[in-house]
Asker: 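Sharing a structure with you now.
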Protein chains: 2
Amino acid sequence: MKIYKIPEATVMRLSVYSRFLHQLIDEGVATVSSGDIAKGVGVSSAQVRKDLAYFGEFGTRGVGYRVDELYGHLMKILGLDQTWNIVLIGAGKLGSALALYQGFAERGFHISTILDVDPARIGTKLGNVEVEPLEVLQDRVKENNIRVGVVTVPASAAQDVTDRLVQAGIKAILNFSPRILKVPNSVILRNVDLSVNLEVLSFNLALNR
Amino acid sequence: MKIYKIPEATVMRLSVYSRFLHQLIDEGVATVSSGDIAKGVGVSSAQVRKDLAYFGEFGTRGVGYRVDELYGHLMKILGLDQTWNIVLIGAGKLGSALALYQGFAERGFHISTILDVDPARIGTKLGNVEVEPLEVLQDRVKENNIRVGVVTVPASAAQDVTDRLVQAGIKAILNFSPRILKVPNSVILRNVDLSVNLEVLSFNLALNR
DNA sequence: CCATTTTTGTGAAATAGTTCGCAATTATAA
DNA sequence: TTATAATTGCGAACTATTTCACAAAAATGG
């Protein structure tokens with residue numbers, strides 16, 4: 001079986017398409033064209049078709065796509081036809097916000113374990129999940145078959161926490177700390193640096209001074 | 001004057017380089033090579049040099065870059081040689097977390113105004129900033145010379161809030177709601193969709209099933 | 001002062017990603 | 001039935017980005 005490398009930008013767009021399709025389902029729309037999707041999410045129709053073409057033929061020429069069908073395909077492709085248990089490390093401001101963020105639950109991401117080292121936070125509850133000490137990491141990962149970790153600790157603790165996640169067998173890490181993390185090749189790492197996003201804005205604003 | 005289009009990926013990397021350089025300054029390192037930077041942030045040294053080449057010649061052949069000097073250049077390029085006042089709309093979980101996030105302040109982003117429509121939130125304080133009603137938007141933007149807005153309201157309210165920001169003269173918007181927003185061409189828009197990031201992870205995990 | 005080493009800056013080559021253009025397919029209307 | 005319109009899927013062309021490779025410049029050590 002030939003493996004094509006899928007551009008990350010394509011994957012991100014698929015995620016956006018899927019959300020748009022969900023909106024259409026709510027509105028009772030039955031079929032949609034690549035042009036409609038394009039208009040709805042702000043890309044070109046050729047882009048939409050190309051993105052989908054990586055994964056198969058989902059449409060009918062002259063007609064378009066059946067909304068529910070395409071939505072199902074996208075959710076499957078994105079691995080969202082299942083629930084993912086997640087461990088979140090760092091129950092500070094950002095960690096708490098993420099733990100309580102409805103957007104994750106809606107897409108099948110279940111933060112089943114929240115860990116911290118601060119005794120003041122351990123034992124408190126975020127939603128219906130109790131904050132536990134970092135030491136139980138390995139156990140919880142095994143018990144709940146957790147493959148994804150979210151890091152929301154201060155930069156100074158980020159690499160240590162990451163090493164522990166790797167050690168515990170975590171396969172993918174979403175890092176919110178502004179620190180470059182080292183992980184083995186077998187572990188998928190994504191960085192969400194909130195400041196970087198503001199800095200792209202300030203760069204562009206500063207250009208036209 | 002010829003204007004080169006700078007790839008957005010380049011701008012994001014400059015932001016990462018600048019943080020790495022700050023780390024070096026703290027460690028008392030005086031000079032650094034493109035290879036060192038590359039190693040530190042996980043890109044190729046050619047990439048580092050190419051990125052910098054868009055903006056000038058900052059190094060010395062055979063030697064490398066003076067850390068403090070390069071840092072200064074990058075901060076200037078990124079528009080971080082000034083403080084940016086920011087209005088944040090939506091004082092929910094995520095909004096509160098961002099309002100209190102130290103990472104913004106450290107980079108010169110000052111959330112000077114926080115607005116919401118929920119009477120229960122209005123009048124409360126996040127750090128030393130009081131949550132005010134949405135109606136004062138226009139006044140605060142003028143008073144504080146605010147050019148950047150951060151949207152952390154639910155998807156259903158996002159477009160309305162965005163229209164108001166545009167109306168009030170905001171020039172750049174960082175959108176955390178999972179909604180595709182329409183803005184005039186003159187306004188810079190960036191989307192930070194937290195779920196999209198997790199979905200890229202689940203896509204990659206689901207690939208090797 | 002010259003040979004050697006280091007490391008930048010940059011044109012050229014390679015790779016990756018997007019847009020174009022159109023044949024193929026389906027639906028619709030005459 | 002047949003012409004017309006809509007819209008996909010996809011190869012080809014185009015554009016953008018990254019990597020390569022090396023001359024040029026600076027430092028170092030004999």
Side-chain angles (χ1 to χ4, degrees), chain A residues 2-17 20-21 24 29-74 77 196 200 203-204, chain B residues 2-17 20-21 24 29-74 77 196 200 203-204:
Chain A
K2 179 130 194 253
I3 309 261
Y4 295 92
K5 199 179 143 288
I6 312 294
E8 176 169 300
T10 289
V11 178
M12 297 182 73
R13 283 190 298 266
L14 291 180
S15 168
V16 175
Y17 302 161
F20 179 70
L21 291 174
L24 294 184
V29 178
T31 66
V32 69
S33 71
S34 58
D36 296 338
I37 299 174
K39 196 125 176 298
V41 309
V43 302
S44 73
S45 66
Q47 181 80 81
V48 173
R49 294 198 297 279
K50 204 55 146 181
D51 285 338
L52 297 177
Y54 282 105
F55 302 95
E57 303 186 8
F58 304 116
T60 309
R61 294 172 186 216
V63 182
Y65 306 88
R66 280 194 41 200
V67 176
D68 54 353
E69 200 177 293
L70 183 56
Y71 177 75
H73 282 301
L74 290 185
I77 290 167
V196 166
V200 174
F203 168 81
N204 284 292
Chain B
K2 180 130 195 253
I3 309 262
Y4 295 92
K5 200 179 141 289
I6 313 294
E8 176 168 299
T10 289
V11 178
M12 297 181 74
R13 282 190 299 266
L14 292 181
S15 167
V16 174
Y17 301 161
F20 179 68
L21 291 174
L24 294 185
V29 178
T31 66
V32 69
S33 71
S34 58
D36 296 337
I37 298 175
K39 195 124 177 296
V41 310
V43 301
S44 74
S45 67
Q47 180 80 82
V48 172
R49 295 197 298 277
K50 209 50 150 185
D51 285 337
L52 297 177
Y54 282 106
F55 302 95
E57 304 186 7
F58 305 115
T60 309
R61 295 174 186 216
V63 181
Y65 306 88
R66 279 194 42 201
V67 175
D68 55 353
E69 200 177 292
L70 183 56
Y71 178 75
H73 282 301
L74 290 185
I77 290 167
V196 166
V200 173
F203 168 81
N204 284 293

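Throughout, protein chains are lettered first and strands after them, A, B, ... in sequence-line order, and every chain is numbered starting at 1.
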Asker: Heavy atoms under 4.0 Å, any strand shown: does Ser34(B) hit a base, just sugar-phosphate, or nothing?
Answerer: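 The residue Ser34(B) makes sugar-phosphate contact but no base contact.
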Asker: What integer distance in Å separates Phe58(B):CZ from dT8(C):P?
Answerer: 14 Å
Asker: Any donor-acceptor pair, under 3.5 Å, between the side chain of Lys5(A) and the base of dG17(C), if you only look at N and O atoms?
Answerer: no
Asker: Does the side chain of Arg13(B) get closer than 4.0 angstrom to OP1 or OP2 of dT18(D) through an N or O atom?
Answerer: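 Arg13(B) to dT18(D) OP1/OP2: side-chain N or O found under 4.0 Å.
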Asker: How long is the line joining CG of Asp51(B) and P of dT18(D), in whole Å?
Answerer: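 Taking CG of Asp51(B) and P of dT18(D), I get 7 Å after rounding.
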Asker: Please answer whether the main-chain N or O of Ser33(B) pairs with a side-chain N or O of Asp36(B) as donor and acceptor at a distance below 3.5 Å.
Answerer: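 A pair under 3.5 Å: yes.
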Asker: Looking at every heavy atom in both Val48(A) and Tyr17(A), which two are closest together, and how far apart are they?
Answerer: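 Nearest heavy atoms, Val48(A) then Tyr17(A): CA-OH, 3.6 Å.
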Asker: Starting at atom CZ of Arg61(A), determine the distance to atom P of dT25(C), rounded to an integer number of angstrom.
Answerer: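 Atom CZ in Arg61(A) sits about 6 Å away from atom P in dT25(C).
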Asker: Between the side-chain atoms of Arg49(B) and the base atoms of dG9(C), is any donor-acceptor pair under 3.5 Å?
Answerer: yes
Asker: Please report, rounded to the nearest Å, how far the C1' atom of dT7(C) is from the OH atom of Tyr65(B).
Answerer: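 To the nearest whole Å, that distance equals 8 Å.
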Asker: Can you tell me if Thr60(B) touches the phosphate of dA26(D), counting only side-chain N or O atoms and a distance under 4.0 Å to OP1 or OP2?
Answerer: no
Asker: Relative to the 5' end of DNA chain D, which residue comes earlier, Ala53(A) or Gly62(A), by the nucleotide with the nearest heavy atom?
Answerer: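 Mapping each residue to its closest nucleotide by heavy atoms, the 5'-most match is Gly62(A).
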Asker: Is the shortest heavy-atom distance from the side chain of Val196(B) to the side chain of Val11(A) under 4.5 Å?
Answerer: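 Contact flag for Val196(B)/Val11(A) side chains = no.
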Asker: Looking at Gln47(B), does any N or O in its side chain come under 4.0 Å of the phosphate oxygens OP1/OP2 on dT19(D)?
Answerer: yes
Asker: By nearest heavy atom, map Glu57(B) and Asp36(B) onto DNA chain C; which one lands nearer the 5' end?
Answerer: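 It is Asp36(B), whose closest nucleotide lies nearer the 5' terminus.
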Asker: Return the 5'-most residue of the pair Ala9(A), Val63(A) with respect to DNA chain C, ranking by each residue's nearest nucleotide.
Answerer: Ala9(A)
Asker: Starting at atom CG of Leu70(B), determine the distance to atom C1' of dG9(C), rounded to an integer number of angstrom.
Answerer: 14 Å
Asker: How close or far is atom C1' of dT7(C) from atom NZ of Lys50(B), stated in whole angstroms?
Answerer: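 Interatomic distance, NZ of Lys50(B) to C1' of dT7(C): 16 Å.
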Asker: Taking CZ from Phe55(B) and C1' from dT10(C), how many angstroms apart are they, rounded to a whole number?
Answerer: 16 Å
Asker: Using every non-hydrogen atom in the two residues, find where Ser45(B) and Ala38(B) come nearest and quote the distance to one decimal.
Answerer: N-CB, 3.5 Å
Asker: Please round to the nearest 0.5 Å and tell me the distance separating atom CZ of Phe55(B) and atom CD1 of Ile6(B).
Answerer: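 Nearest 0.5 Å value for the CZ-CD1 distance: 4.0 Å.
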Asker: Whole angstroms only, please: what is the CG-P distance between Leu52(A) and dT7(D)?
Answerer: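 Interatomic distance, CG of Leu52(A) to P of dT7(D): 16 Å.
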Asker: According to a strict under-4.0 Å criterion, is Tyr54(B) in side-chain N/O contact with OP1 or OP2 of dA16(D)?
Answerer: no
